[in-house]
There are 2 protein chains.
Amino acid sequence: MLEKSHKHVTCENCLSRENSLFGSFCGEKVDNLDSQKSCSYFKKNQPLFIEGSSPRGVYCINDGKVKIFARGEEGKEQIIHLAAAGEVVGFRAMFSGEPYKVSATTLEESNICFIGKSDFLNLVDSNATLRNGIMKELSKELADRATFITNMAQKSVRERLAFSLVMLQDIYKEEMINLSREDMANFVGTATETLIRLLKDFKEEKFIATHARRVEILDREGLLRVAGN
Amino acid sequence: MLEKSHKHVTCENCLSRENSLFGSFCGEKVDNLDSQKSCSYFKKNQPLFIEGSSPRGVYCINDGKVKIFARGEEGKEQIIHLAAAGEVVGFRAMFSGEPYKVSATTLEESNICFIGKSDFLNLVDSNATLRNGIMKELSKELADRATFITNMAQKSVRERLAFSLVMLQDIYKEEMINLSREDMANFVGTATETLIRLLKDFKEEKFIATHARRVEILDREGLLRVAGN
DNA sequence: TTAAAAAAATGACATTGATCATGTGATTAC
DNA sequence: GTAATCACATGATCAATGTCATTTTTTTAA
């Protein structure tokens, strides 16, 4: 596995920056950003921030994956969003002026840069392109969540799992999906046992294959058909 | 019932404006806003915009209520948000640059003002307070939807209905809740029959009373207890 | 390498809540 | 005023899915 802990990252040659909120930055803006950020290595299952605490800044994922989740009453996690390289997480609560309503934890070892609250807010104030990018991002995510809610309310677990697997493939790209069954269940919104049973069904129906915990998508179209999308 | 069709509304003395996104406006800004808006009367169940169409501007509710909903596969509505006087609806899609992913329809007769896309975007560009208000609003709503998703995934219909009734009371204030059983079911995310049965249970347990279709909350605390919040 | 712990998998069972059928009451249109 | 339509309500049924118990496999740590 990639040894992420020794990577040295500058914003200038950060590949993840290209598609990120900071993708429009160039020249001295990049240098400026680089001087404001601090970069650190996160182990698997290490929290970036937790529900109830106050935001201190934003996290820009250079490499790795992060789950954003809320906790229901009995403490059960509901994963709201999975963030991959290039995504900036944690800025929503900074605008709302309230403590975090969700938590963020790494799903694998990750390199993640941090930008302090005031630096970030100054950037937003002084850069219209960044600002528009953020408004666009917030709006898109709002639309995504409307779909999420509708799926949750109207689709069966089987349909939601099929859809989730396709989404997961988009996040994991060429890699195989590598999530614990519990996390997967918390993403789909079901019990772990139910999730495992349905994965088995999908395996028998040749939609997927499993290699230990890793899941390989064999028939994306088929899954989309099951999902009814 | 109030005869809303003949109201004449100016932004200056619009009570709903106070708590709205435009609450910070004063002096010529208000006059300016007033000259840009057009105000119209909407009948009950009249659409403001529908899923798939492109945003032409934003709608500011002076009086009345609006449901924001998505449609699932078989066309079943899922109500994502209920908007009351003072709320501005329809601006999210304007920032995302995509067609509406949701629809908006009045729930009762309403007075609603319209501000065209370019006028609104100019306002946003030139007014930092408005902009911050919008970012705050978007972020808060994002957090609300995380809770919504978690409730959907982890709570029983009974718990969700209890919680929904409390939310509805906050929207209807001193008035009684006046929603069709179908709309209520589409808000809670259940079948109409199930909703009706549970309302009956709550009636027997003295949490609510019904007057024809109207629902009166008798025991808000009790409902919150049932909801587990 | 092996023991211990954690995660995954399977089975049995109970329960929720959706669906379909039907009836009753309220509102609308002519 | 009456028919027709729509919303509300209730009953019966059953599949989907959650829960609890147990076993097997995988991972971790000594």
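For the numbers below, each heavy atom of this structure counts, side chains included, while hydrogens, waters and symmetry mates do not. The sequence lines fix the lettering, A, B, ..., with proteins before strands; numbering per chain opens at 1.
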Rounded to the nearest angstrom, tell me the gap between atom [atom1] in [X] and atom [atom2] in [N].
X	N	atom1	atom2	value
B:Met152	C:dG17	CE	P	12 Å
A:Lys43	D:dT28	NZ	P	14 Å
B:Lys155	C:dT16	NZ	C1'	17 Å
B:Leu199	D:dT10	CG	C1'	14 Å
A:Asn45	D:dT28	CG	C1'	14 Å
A:Lys44	C:dA6	NZ	P	14 Å
A:Glu182	C:dA9	CD	C1'	14 Å
A:Arg181	C:dT10	CZ	C1'	14 Å

Out of [options], whichever nucleotide has its closest atom nearest the side chain of [X]:
X	options	answer
B:Glu193	C:dC20, D:dC8, D:dT17	C:dC20
B:Thr190	D:dC20, C:dA8, C:dA18	C:dA18
A:Ser156	D:dT17, C:dC20, C:dT10	D:dT17
B:Thr194	D:dG18, C:dG17, D:dC8	C:dG17
B:Ile196	D:dA9, C:dC20, C:dG11	D:dA9

Go through the steps to decide whether B:Phe69 and B:Asn186 satisfy the test side-chain contact (heavy atoms from CB on, under 4.5 Å), and finish with yes or no. CA-CA 9 Å; B:Phe69 60 95; B:Asn186 291 341; over 6 Å; no
Examine distances only and state if a side-chain atom of B:Ser164 and a backbone atom of B:Arg160 form a donor-acceptor pair shorter than 3.5 Å. yes
Spell out, as yes or no, whether a donor-acceptor pair under 3.5 Å connects the side chain of A:Thr150 to the backbone of A:Ala146. yes
May I ask you to verify if any side-chain N or O of B:Lys200 is less than 4.0 angstrom from the OP1 or OP2 atom of D:dA9? no
Geometric cation-pi criterion, B:Lys65 with B:Tyr172: 6.0 Å, 45°: yes
Both conditions, 6.0 Å and 45 degrees, for the charged tip of B:Lys117 above the ring of B:Phe120: are they met here? no
Does a distance-only test, which skips hydrogens and angles, find a donor-acceptor pair under 3.5 Å between the side chain of A:Arg197 and the base of C:dG11? yes
Start at the 5' end of DNA chain D and walk down; is the nucleotide closest to A:Arg213 or to A:Arg158 reached first? A:Arg158
